[in-house]
There are 4 protein chains.
Amino acid sequence: MADGTRRPGRPRSEAARQAILKATHDELLERGYGELTMEGIAARAGVGKQTIYRWWRSKAEVALDALLAVAAEGIPIPDEGGLEADLTAFLRRTYGMQESEGPILKGLLAQSLLDPGFAETFRDHFLAGRRAALGTILNQAVARGEIPAGTDLGLLHDVVYGVLWYRLLFRSAPLDDDAARDVASLIARSVRIGE
Amino acid sequence: MADGTRRPGRPRSEAARQAILKATHDELLERGYGELTMEGIAARAGVGKQTIYRWWRSKAEVALDALLAVAAEGIPIPDEGGLEADLTAFLRRTYGMQESEGPILKGLLAQSLLDPGFAETFRDHFLAGRRAALGTILNQAVARGEIPAGTDLGLLHDVVYGVLWYRLLFRSAPLDDDAARDVASLIARSVRIGE
Amino acid sequence: MADGTRRPGRPRSEAARQAILKATHDELLERGYGELTMEGIAARAGVGKQTIYRWWRSKAEVALDALLAVAAEGIPIPDEGGLEADLTAFLRRTYGMQESEGPILKGLLAQSLLDPGFAETFRDHFLAGRRAALGTILNQAVARGEIPAGTDLGLLHDVVYGVLWYRLLFRSAPLDDDAARDVASLIARSVRIGE
Amino acid sequence: MADGTRRPGRPRSEAARQAILKATHDELLERGYGELTMEGIAARAGVGKQTIYRWWRSKAEVALDALLAVAAEGIPIPDEGGLEADLTAFLRRTYGMQESEGPILKGLLAQSLLDPGFAETFRDHFLAGRRAALGTILNQAVARGEIPAGTDLGLLHDVVYGVLWYRLLFRSAPLDDDAARDVASLIARSVRIGE
DNA sequence: TCCTAAACGAGACGGTACGTCCTGTCTTTGT
DNA sequence: ACAAAGACAGGACGTACCGTCTCGTTTAGGA
């Protein structure tokens, strides 16, 4: 119900949309975000440039959609019964995706640093989802009493994702299973004081 | 002085160098890294484009030099006698500089994400100095026995700078004195376990 | 009514046709042929582009129809009893229409220069009618013996319309009553030799 | 001497200018004015589009220059001793050039009909030269007493060039040697009255 | 004091991508 | 079947910068 009011005119072509996202993703993998151009996407997708501009405001938004289309499944929230175990499982999955997603993510971050308008979109459509997933895990731990009531959960978020991004950006250390365990352990220890 | 090997021909103009760095810094403050162009710098500095290309390889390197020329002093290493106090003092100073440096830093990061060649330069000329400063503080704490011998200092680095960068990039929380205290406290707690 | 062979489906909308011709004419007057676009006509007429393409092959043909719809009456053939008087009267009327028709005519000519296909249409639907009118006048003069039998009437046509178009195109001189008189006089003199 | 003040900076490339005019002329001959595009010229000349826009305001002005570069020699003024002979000789040469120049001329005319700004340029840089040549011939005839003192020379200009353009535009009759003779004869007759 | 040579400002160069406009075709729903 | 609406592929537009080049001019040291 909701709507039913079909706008008049030819409807948006789903085929074109798919072709654009596919072409964008392929270009990103092959040549990187820095080499991504609207003309390149249009040519590869067999589409007019106007068709891209009609539905996206910039190549960054196309790239974001191309990423989301692939990473749409999302990360399942683990429930292993304890904060450290939950966190370890969650981080392993998250880190595991960086192998393929990483370069695209770096490009999108670069764009959002250069273009404040896109920064908002990026935060709302991508980061928010990731933070929500971690939020669920932390709230479970609060409910179990593993995290003291007054703890600043925002800081914990920033630590977890700060380490992820820092290592992604500067390659100071690998994002592997050990890294997941270590970060989970650090977080767990930092909230256990005073027990 | 020592050398004497003076190349023939007109020597490099120090005035031009200063004008270029000044113009670059002004453009960065007024319009941001995303709007920075070689032509804009040249025009503003009253300089030919070739003069810029003669001495720098890209606008990113000019911007980096323009930043370093201003932020040359560096951050003094505190020694308050304890890890948490040292860390708090250090982070307060570091965070305090982000007000002005932040936007430029973001631009340089963006560039280093898009251009792997510049990423190296950025890491070597900028990040390395920051990590060394923190390293001194952590080593002091290890020497005092505040940090257990086997602790992964790299992870602590990544946590401290990860939170800094994450908040700088995504504005998830302010970088103020409270933040400095909270991060220092979290680090201190995370290493105190087992005492 | 006579026919009865009514094709199935919705009949052609006379309202749409009128709206298109009206919109075209208005656009021509307001912005000139050079600025005329199919999209502009469609938007102004409140009509789909397809509806225009269904009935006309190009914007030039629409413009031609828009002109003909207005200038349909045609020019009456004078019969004042003598070549020079007939010609003067005819040219006065013809020149008088250029004030309003001129700009549109220039646009159509431009189109026919760029598009050989339209050139034919333009000649057949517009120029032929004009030449026929002049032909009647000259034939009257031949019948009266004012023009010698062997005279090249085609050249006279070309002189009369050549001057008209040349002045219309290049504004080398006004197209007023004096001009009509002078051209008529020149023609009359040029054929009177040998009397 | 006149100047001597060389503007600073790299001077305009004569090679580029020649390449552009050559490419334009070739495109005009091969594909016609209607198909002429800035991109086509630039590609064919091996030149950046900006280089064209730096020196010409539109493709019409490039085409005009390309035409003038070829037809630079101009038409020599005959002096056969009599108006009709002079005119015949002049028109034969003029008509003779239409074989190759004609299509380009038609394109330029089309453009000047669509773009009033270019119309001026066209008149000043092309038509004016042609009218001046005819003016010399007519003035010779006036000096010789072949044309009565009070005659409207402007009208004679318009007749001569009106017929030329009319036949060029509408192909109502060929522009051959006979045509030259007939027009010369008509003009001569039209001014001989009253002798 | 001149000579050599590099750096300087200026700005034109070939080139790439931009974002917009319009073309002529198509695919919907509504009449 | 025709109409309004509007999305589609395509192509040219004119602009902005890129990094390179070619001028005449300036500024030093060495001859």
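Letters A, B, ... are given to chains in the order of the sequence lines, protein chains preceding strands, and every chain is numbered from 1.
Look at CD1 on D/Ile52: it is 12 Å from C1' on F/dC13, rounded to the nearest Å. Regarding A/Arg44, its CZ atom lies at a distance of 19 Å from the C1' atom of F/dA9, rounded to whole Å. In this entry the distance linking CD1 of A/Ile41 with P of F/dA9 reads 14 Å, nearest Å. In this structure, the CD atom of C/Glu61 is 11 Å from the P atom of E/dG24, given to the nearest Å. Here F/dA16 presents its C1' atom at 12 Å from CZ of D/Arg54, a figure rounded to the nearest Å.
Between B/Glu14 and B/Arg17, at least one side-chain N (NZ, or NE/NH1/NH2) sits under 4.0 Å from a carboxylate O, which counts as a salt bridge. Between C/Arg44 and C/Glu30, at least one side-chain N (NZ, or NE/NH1/NH2) sits under 4.0 Å from a carboxylate O, which counts as a salt bridge.
Scanning all heavy atoms of the two residues, the minimum distance from D/Lys106 to C/Leu113 falls at O-CD1, 3.4 Å. When all heavy atoms of B/Ile41 and B/Ala23 are compared, the closest pair comes out as O-CB, 3.9 Å. Across all non-hydrogen atoms, the minimal contact from D/Ile20 to D/Val62 is CG2-CG1, 3.8 Å.
The residue among A/Arg12 and C/Thr51 whose nearest nucleotide of DNA chain F is located toward the 5' end is C/Thr51. Along DNA chain E, the nucleotide nearest to B/Glu14 and the one nearest to D/Arg17 differ in position, and the one closer to the 5' end is contacted by B/Glu14.
Note that A/Lys59 lies in the cation-pi zone of A/Tyr33, set by a 6.0 Å cut-off to the ring centre and a 45° limit from the axis.
Comparing the start and finish of the helix from E/dT1-F/dA31 to E/dT31-F/dA1, five pairs each, the helix axis swings through 10°, to the nearest 10 degrees.
Within 6.0 Å of the CD atom in D/Gln18, the count of heavy atoms belonging to other residues, nucleotides or ligands exceeds 12. In B/Arg12, the CZ atom is crowded: over 12 heavy atoms of neighbouring residues, nucleotides or ligands sit closer than 6.0 Å.
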Q.
Strictly under 4.0 angstrom, non-hydrogen atoms only: write out the protein contact profile of nucleotides 17-24 of chain F, one letter per nucleotide from the 5' end, B, S or -.
A. SBBBBBB-

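Considering only the side chain of A/Ala16, F/dA9 comes nearest among F/dA9, E/dC8, E/dC13.
Phosphate proximity of F/dA3 to C/Trp55: present, with a side-chain N or O under 4.0 Å from OP1 or OP2.
Checked by atom type and distance alone, the side chain of D/His125 pairs as donor or acceptor with a backbone atom of D/Thr121 at under 3.5 Å.
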